[in-house]
Amino acid sequence: MNKPLSAHEALIYVMVLASAVDRTMNDRELSRIGELIHALPVFKGFDDEKLISVSRDCAKLLSGSEGLDIVLETVRDTLPARLYDTAYALAVEVASADLSVKAEELRLLSLLRDRLGLDKLTCAAIERSAIARYRKA
């Protein structure tokens with residue numbers, strides 16, 4: 001039996017999922033994941049040395065039958081409800097990191113929103129803030 005995920009690990013799963021959903025994990029997205037882990041208070045206490053193993057565990061789950069559903073369920077069941085919007089915001093950040101959001105990433109965001117039971121207004125605000133942050137002059 002696998003040990004349960006921590007909230008940190010579940011949030012990392014969301015970011016890996018957002019990066020991998022289009023079948024490519026580019027350097028910009030991977031770099032953004034690292035930046036977010038180092039900068040955000042929600043990751044305080046996370047051991048950076050575990051990032052690669054947590055990412056591999058997520059990728060392994062994703063590669064299996066119904067991997068996407070399993071990862072989404074695992075994230076929902078692991079995170080406290082107060083971190084659902086944080087998870088969504090992290091997914092938006094990673095999807096936006098390469099300055100374009102692909103159809104697969106939009107579909108993932110929709111699935112994540114529905115799975116976590118987030119309201120559309122909250123998600124729209126998170127998405128709009130990403131648009132403002134990543135806008136070119």
- Message: For the backbone of Leu118 and the side chain of Thr122, can you confirm whether one donor and one acceptor N or O come within less than 3.5 Å of each other?
- Response: no
- Item | Lys50 side chain reached by Glu9 side chain, heavy atoms, under 4.5 Å | yes
- Any Val21 side-chain heavy atom under 4.5 Å of Arg107 side chain: no
- Message: Between Leu99 and Lys136, does the side-chain contact (heavy atoms from CB on, under 4.5 Å) criterion hold? Intermediate values first, please.
- Response: CA-CA 9 Å; Leu99 305 179; Lys136 294 179 183 179; 3.6 Å; yes
- Query: CG of Leu40 to CD of Glu35: how many Å apart, nearest 0.5 Å?
  - Reply: 10.5 Å
- Task: Answer yes if Leu30 and Val101 sit in the same cluster of Ile, Leu, Val, Met, Phe, Trp and Tyr residues linked by side chain heavy atoms under 4.5 Å apart, and no otherwise.
- Result: no
- Message: For Ile37, give me all partners under side chain to side chain contact (heavy atoms under 4.5 Å, CB included), at least two apart in sequence or on another chain.
- Response: Ile12, Met15, Ile33, Phe43, Phe46, Asp48, Leu51
- Under a 4.0 Å N-O cut-off, is there an ion pair linking Arg32 with Asp98? no
- Query: Can you find a pair of side-chain heavy atoms, one from Asp57 and one from Tyr13, that are under 4.5 Å apart?
  - Reply: yes
- Message: Quick one, Leu17 and Val75 - any side-chain contact, counting heavy atoms below 4.5 Å?
- Response: no
- Task: To the nearest 0.5 Å, tell me how far Leu111 CG sits from Asp69 CG.
- Result: 8.0 Å
- Item | Listed partners of Arg56 passing side chain to side chain contact (heavy atoms under 4.5 Å, CB included), at least two apart | Ile52
- Query: If two hydrophobic side chains count as joined below 4.5 Å and joins carry through other members, does Tyr134 share a cluster with Leu108?
  - Reply: no
- Item | Side-chain heavy-atom pair Val14, Tyr88 within 4.5 angstrom cut-off | no
- Message: Can you list everything that forms a side chain to side chain contact (heavy atoms under 4.5 Å, CB included) with Ile131? Sequence neighbours excluded, please.
- Response: Arg128, Arg135
- Message: Please check this pair: side chain of Thr78 against backbone of Thr74, looking for a donor-acceptor N/O pair closer than 3.5 Å.
- Response: yes
- Query: Just by distance, do the side chain of Glu73 and the backbone of Ile70 share a donor-acceptor pair under 3.5 Å?
  - Reply: no
- Query: So how far is it from Ser63 OG to Leu68 CG, rounded to the nearest 0.5 Å?
  - Reply: 12.5 Å
- Item | Shortest non-hydrogen contact between Val16 and Ser55, atoms and distance | CG2-OG, 3.6 Å
- Message: To the closest 0.5 Å, what do you measure between CD (Glu127) and CZ (Arg113)?
- Response: 7.5 Å
- Side chain proximity check, Leu83 to Thr86, heavy atoms < 4.5 angstrom: yes
- Item | Pairwise side-chain contact, Asp85 with Leu116, heavy-atom cut-off 4.5 Å (strictly under) | no
- Asp27, CG atom: more than 12 neighbouring heavy atoms under 6.0 Å: no
